[in-house]
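Note that this is a predicted model, so its numbers are computed, not measured.
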Amino acid sequence: MLTGDAFQALQRIFGEERVSTDVVDLECYSRDASENRLQPAAVVWPERVEEVVAVVRWANEYRVPLAPRGAGTCLCGGPLIEGGVVVDLTRMNRILSICEDDLYCEVEAGVVWSQLQQELTRRGLWLPPDPASGDACTIGGCLACNAGGMRALKYGTFRDWVLGLTVVLGYGALVQTGGRTHKHVSGYDLTRLLVGSEGTLGVIVAARLRVAPQPDKRATVFLAFEDVEAAARSVHRVRMRGLQPSAAELLDRRTVAAVNAYLGDILPEAEAVILLEFDGTAAAVDELVDRAQRLTAHFATHSEVYVEEEESEKLWAARRAALPALTRYDAERPNYMLEDVTVPLSMVPSMLSAIRRIEEEVALPIPTFGHIGDGNLHPTILYSEQREDEKQRARTAVARLFEEALAMGGTLSGEHGIGLSKAGFMTKEHAAEELEAFLRIKQAFDPNGILNPGKMGLG
């Protein structure tokens, strides 16, 4: 609990109306989209940069930990804190500028991804990273976790689209990183260090993001397969022959069934479905689609091309619906642990086989979907938290997934982050010397350890 003096000082910053210790608020902010639960002592809603500076300095003075938070769509417990203060940035939601001549925009951290995309689209522009939770997630949250999405295959993650940040570092300094130029190598690259740091080094309050002109044409290639390994091999073949899809997405049999039950029968039944998207000039897209179909003809049982935006969007809406559909797929197992193990491209078929073995070992369903084109898979363990044995078997499955991925030269997370869920596994991927370097950076930016403690295995 907060002491009386600390709480009164917090109220002086925000006023009574933007500080809450209400039990309902605390319960709501004790969870995100993961299985984790931690209850804060209070929640605050800043509306100006100066208030974020003030609350970070307050936290240092009273040694109260803070957890920055956006929409709470995080899948690893990143914005949760026990007994500290959640700093909800969703009211800082202004699009500050869109500079069409220099191809960048400036936004506050609480801007919702889809809100920004709509404004850019009106100007013939777009921001390619496209998280599946784009209708809810905020730009600040995307930057804190270095989110990717389906088009990361061609366009990279959020880190690749950031020109600069406005950030309050852990010791209370307000810092502007980067610049307005698309090339910038003056000084240490604080921007890329802060993106993906999960709020452990600073609170991102605004960002300057690169944007791009909309491509002339997009086309979607739908492919069905008799097994997931064949699907993986076909995508690998497309990549190795030099074709560059903007997206290459997998849905396995259970995910297809769940999506069809959730949205209606959108997808044909198959052991695995692949969606390939190509974009660019009309001539280039036509050539890429033709080559992709010929390269996958040996593996696929069905192939179809969708060029009309409305028809293509139905397929991509089905892909984006994978997780909400799976949460309703098994009435006996309404809970889930969603992972994003990532392996080298050549190891994707092996990782898919490993997922099937682990499913048999723990006797729980593990539907799998994800970004097969860059090796980033989302095995989703379904269980009931009311059954302790199932909860333990789900945790065993998570540990086994990490073991298999790391043994294949992979990583714990491709885009969701480490947060609480994977903090205990960091020593399995990172050597002691590397973890020591992480800790020294943390201490330099946040000497009192008040920002998001316990995340990423750091304090």
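Under 4.0 Å is where a charged nitrogen must lie from a carboxylate oxygen, and between Glu27 and Arg31 at least one such pair does. Salt bridge Arg233/Glu229: absent, no basic N to carboxylate O contact under 4.0 Å. Ion pairing between a basic and an acidic side chain is recognised when a charged N comes within 4.0 Å of a carboxylate O; Glu404 and Arg357 show such pairing. Salt-bridge annotation for Asp32 and Arg69: absent, with no side-chain N of the basic residue lying under 4.0 Å from a carboxylate O of the acidic one. Salt bridge annotation for Arg151-Glu277: present, with a cationic side-chain nitrogen under 4.0 angstrom from a carboxylate oxygen. Using a cut-off of 4.0 Å between Lys/Arg side-chain N and Asp/Glu carboxylate O, Arg57 and Glu61 are scored as not salt-bridged.
In this structure, Val205 and Glu108 have side chains that are not in contact, with every pair of non-hydrogen atoms separated by 4.5 Å or more. Two residues are said to be in side-chain contact when any heavy atoms from C-beta on lie closer than 4.5 Å; Pro65 and Ile81 meet this criterion. Between Val43 and Leu26 the shortest side-chain heavy-atom distance falls below 4.5 Å. Counting heavy atoms from C-beta outward, Leu165 and Arg208 have side chains that stay 4.5 Å or more apart. In this structure, Ile139 and Phe158 have side chains that are in contact, with non-hydrogen atoms separated by less than 4.5 Å. Counting heavy atoms from C-beta on, the side chains of Leu163 and His184 never come closer than 4.5 Å. Residues Pro245 and Arg239 form a side-chain contact, since some pair of their non-hydrogen atoms from C-beta on lies under 4.5 Å apart. Between Val398 and Arg395 there is no side-chain heavy-atom pair separated by less than 4.5 Å.
Using modelled atom types, one side-chain atom of His182 and one backbone atom of Asp102 make a donor-acceptor pair closer than 3.5 Å. Using modelled atom types, no side-chain atom of Asp340 and backbone atom of Ser413 make a donor-acceptor pair closer than 3.5 Å. With hydrogens and angles disregarded, no donor-acceptor distance shorter than 3.5 Å links the side chain of Lys455 to the backbone of Leu420. With hydrogens and angles ignored, the 3.5 Å screen pairs no side-chain donor or acceptor of His378 with any backbone N or O of Gly370. Side-chain atoms of Asn452 come within 3.5 Å of backbone N or O of Glu198 as a donor-acceptor pair. Side-chain N or O atoms of Lys442 include one that pairs as donor or acceptor with a backbone N or O of Thr200 at under 3.5 Å. Checking side-chain atoms of Thr327 against main-chain N and O of Pro324 turns up a donor-acceptor pair under 3.5 Å. For Arg291 (side chain) and Arg241 (main-chain N/O), a donor-acceptor pair under 3.5 Å exists by modelled atom type. Without hydrogens or angle criteria, Ser97 side chain to Cys99 main chain gives no donor-acceptor distance under 3.5 Å. Checking side-chain atoms of Asp130 against main-chain N and O of Met150 turns up a donor-acceptor pair under 3.5 Å.
Between the CG atom of Asp88 and the OG atom of Ser20 there is a distance of 11.0 Å, given to the nearest 0.5 Å. One finds the CD1 atom of Ile366 at 12.5 Å from the CG atom of Leu377 (value rounded to the nearest 0.5 Å). Here Gln244 contributes atom CD and Ser246 contributes atom OG; the two are 8.5 Å apart, rounded to the nearest 0.5 Å. Rounded to the nearest 0.5 Å, atoms CD1 (Ile450) and CG (Asn60) are 4.5 Å apart. Between atom CD of residue Glu51 and atom CG of residue Leu89 there is a gap of 11.0 Å, rounded to the nearest 0.5 Å. One finds the OG1 atom of Thr166 at 6.5 Å from the CG atom of Leu174 (value rounded to the nearest 0.5 Å).
Residue Arg94 places its CZ atom among 12 or fewer non-hydrogen atoms of other residues, nucleotides or ligands, all under 6.0 Å distant. For Glu17, the CD atom sits in a packed shell: over 12 heavy atoms of surrounding residues, nucleotides or ligands are nearer than 6.0 Å.
What you find for Thr255 and Ala322 is that their closest heavy atoms are CG2-CB, 3.8 Å. Looking at every heavy atom in both residues, Leu401 comes nearest to Glu339 through CD1-CG, 4.3 Å. Closest non-hydrogen pair, Asp446 versus Leu451, comes out as OD2-N, 2.9 Å. Considering every non-hydrogen atom in both Ala136 and Thr73, the closest pair reads CB-CG2, 4.1 Å. Shortest non-hydrogen contact noted between Leu153 and Gly373 is CD1-O, 3.4 Å. In plain terms, the two heavy atoms of Leu201 and Leu193 that are nearest each other are CD1-CG, 4.1 Å.
Taking the six-membered ring for Trp and the full ring otherwise, the centers of His430 and Phe438 sit less than 6.0 Å from each other.
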Checking side chain to side chain contact (heavy atoms under 4.5 Å, CB included) for the pair Leu250/Leu352: CA distance, chi angles, key distance, verdict?
-> CA-CA 11 Å; Leu250 165 74; Leu352 288 166; 3.9 Å; yes
Test side chain to side chain contact (heavy atoms under 4.5 Å, CB included) on Lys428 and Phe402 and set out the steps.
-> CA-CA 9 Å; Lys428 296 184 181 298; Phe402 293 158; over 6 Å; no
Test log, rule side chain to side chain contact (heavy atoms under 4.5 Å, CB included), inputs Leu338 and Leu323 = CA-CA 8 Å; Leu338 173 66; Leu323 180 57; 3.6 Å; yes
With side chain to side chain contact (heavy atoms under 4.5 Å, CB included) as the test, would you mind laying out the steps for Asp286 and Phe278 before giving the verdict?
-> CA-CA 9 Å; Asp286 291 343; Phe278 295 96; over 6 Å; no
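Counted by atom type alone, Ser234 and Thr296 present zero donor-acceptor pairs between their side chains at under 3.5 Å. Side chain to side chain, Tyr104 and Arg180 meet the donor-acceptor criterion of an N or O pair below 3.5 Å. With hydrogens and angles left out, the side-chain atoms of Asn36 and Ser421 include a donor and acceptor closer than 3.5 Å. Under the 3.5 Å distance criterion, with hydrogens and angles disregarded, no donor-acceptor pair is assigned to the side chains of Thr281 and Asp216. Side-chain atoms of Thr220 and Trp316 include a donor-acceptor pair closer than 3.5 Å. Donor-acceptor pairing under 3.5 Å is lacking for the side chains of Thr3 and Asp5. Side-chain atoms of His371 and Glu415 include a donor-acceptor pair closer than 3.5 Å.
Annotation: cation-pi pair Arg210/Trp161 present, NZ/CZ under 6.0 Å from the ring centroid and within 45° of its normal. Cation-pi geometry between Arg218 and Trp126 is satisfied (NZ or CZ under 6.0 Å from the ring centre, within 45° of the ring normal).
Tested against Thr157 for a side chain to side chain contact (heavy atoms under 4.5 Å, CB included), the candidates Val195, Asn146, Asp374 yield a single pass: Asn146. Partner Leu209 forms a side chain to side chain contact (heavy atoms under 4.5 Å, CB included) with one of Leu103, Ile98, Leu127 and no other, that one being Leu127.
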